[in-house]
Protein chains: 2
Amino acid sequence: MELKEALDTLKETGVRITPQRHAILEYLINSMSHPTADDIYKALEGKFPNMSVATVYNNLRVFREVGLVKELTYGDASSRFDFVTTHHYHVICEICGKIVDFHYPGLDEVEHLALHVTGFNISHHRMEIYGTCPECASKEAH
Amino acid sequence: MELKEALDTLKETGVRITPQRHAILEYLINSMSHPTADDIYKALEGKFPNMSVATVYNNLRVFREVGLVKELTYGDASSRFDFVTTHHYHVICEICGKIVDFHYPGLDEVEHLALHVTGFNISHHRMEIYGTCPECASKEAH
DNA sequence: TTCTTACTTTATAATCTTTATAAATAGTGT
DNA sequence: ACACTATTTATAAAGATTATAAAGTAAGAA
């Protein structure tokens, strides 16, 4: 279960597990949308009538620093937050061909815009990032 | 010259050309950075001592609506604005193979993060978006 | 050129998101 | 259960963007 793993990650990193953190994580994991800080705040109002907005922001920052959560900035006013799952891209070395996994969230926006602009029924996208890996870069430095 | 074309675009769209708009466009075209609204405001302070910040925001919105300018939202507080040039991606129909140009700005962030995470010296990236074009979609609907 | 009208600018205030602060509270290891 | 320290809360502050209304001005018509 994702929540348990997330809590383990917190424990390993020495981050205290408070009821608020538990609830925010749980909400993020179960929510298929990409909630804003305020969405989360409102959603947990019932369970935590006294919780401060600052708590939501603070903890989202903590989760982001630990790598559990991604912050997405679309064009609109407020950031959206996403529990990190396993979707990833590839970074490819142009010299030796090494491929490194690259986790990155939410190019959903690209697909949405593509639909909007082209009228295509978008099914997916692919992206590769090209460059030189550290090893090849240091060899080339000679 | 890009500025002249941009002004033509404004004229065609029925947007009045004011000295402020002229200056903001000129600044955006010449600036290789991705300035914030405040950057622009400060940069034009000398020429327009009485210009309001609202004017900058208003006109950036106008330019965006007309398609001359892209608004980029990185993680930080304020949006950055970019004069639209010709870089673009492709949207590909999986049935008939049609390729449609798809203009989209600033996946610079992806490259920055890839550098940060993998240590690769990033040179570029490619992205394609796949789906069904409207024509093929309507044929399939039978 | 001058006039006219509607769009723009300006100045200001308001709104909204996010962060900072300090006192009260509560996890966690001992 | 205790003590130490991180966390929460409440509040204020900061910063970006938008709304408003009055004054000004671009652009076409006369």
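In what follows, chains are A, B, ... by sequence order, proteins preceding strands, each numbered from 1.
Protein chain A touches strand DNA chain D; the 5'-most and 3'-most nucleotides with an atom under 4.0 angstrom of its non-hydrogen atoms are D:dT5 to D:dA10.
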Going through the checks in order, is the side-chain contact (heavy atoms from CB on, under 4.5 Å) test met by A:Val15 and A:Phe63?
CA-CA 9 Å; A:Val15 174; A:Phe63 297 158; 5.6 Å; no

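For A:Lys4 and A:Asp8, the salt-bridge test fails: no basic side-chain N is under 4.0 Å from an acidic carboxylate O.
Between A:His22 atom NE2 and C:dG27 atom P the separation is 12 Å, expressed in whole Å.
Counting non-hydrogen atoms under 4.0 angstrom, A:Pro49 reaches nothing in the nucleic acid.
Using bins of under 30°, 30° to 60° and over 60° for the plane-to-plane angle, the ring pair A:Phe102/A:Tyr89 lands in the tilted bin.
Place B:Lys11 and B:Thr36 on DNA chain D by their nearest nucleotides, and B:Thr36 ends up nearer the 5' end. For the pair A:Met51 and A:Arg16, both in contact range of DNA chain D, the more 5′-proximal nearest nucleotide belongs to A:Arg16.
Counting only distance, with no hydrogens or angles, the side chain of B:Arg21 and the backbone of B:Asn59 share no donor-acceptor pair below 3.5 Å. A:Asp39 places a side-chain N or O within 3.5 Å of a backbone atom of A:Thr36 that can act as its donor or acceptor partner.
Of the residues in residues 52-63 of chain B, B:Ser52, B:Ala54, B:Thr55, B:Asn59 come within less than 4.0 Å of DNA chain C through at least one heavy atom, sorted by number.
The side chain of A:Gln20 contributes no N or O atom lying less than 4.0 Å from OP1 or OP2 of C:dA26.
The shortest non-hydrogen separation linking A:Ala137 to A:Thr132 is N-CG2, 3.6 Å.
Using a 4.5 Å cut-off on side-chain heavy atoms (C-beta onward), A:Leu60 and A:Glu71 make no contact.
Comparing the start and finish of the helix from C:dT1-D:dA30 to C:dT30-D:dA1, five pairs each, the helix axis swings through 40°, to the nearest 10 degrees.
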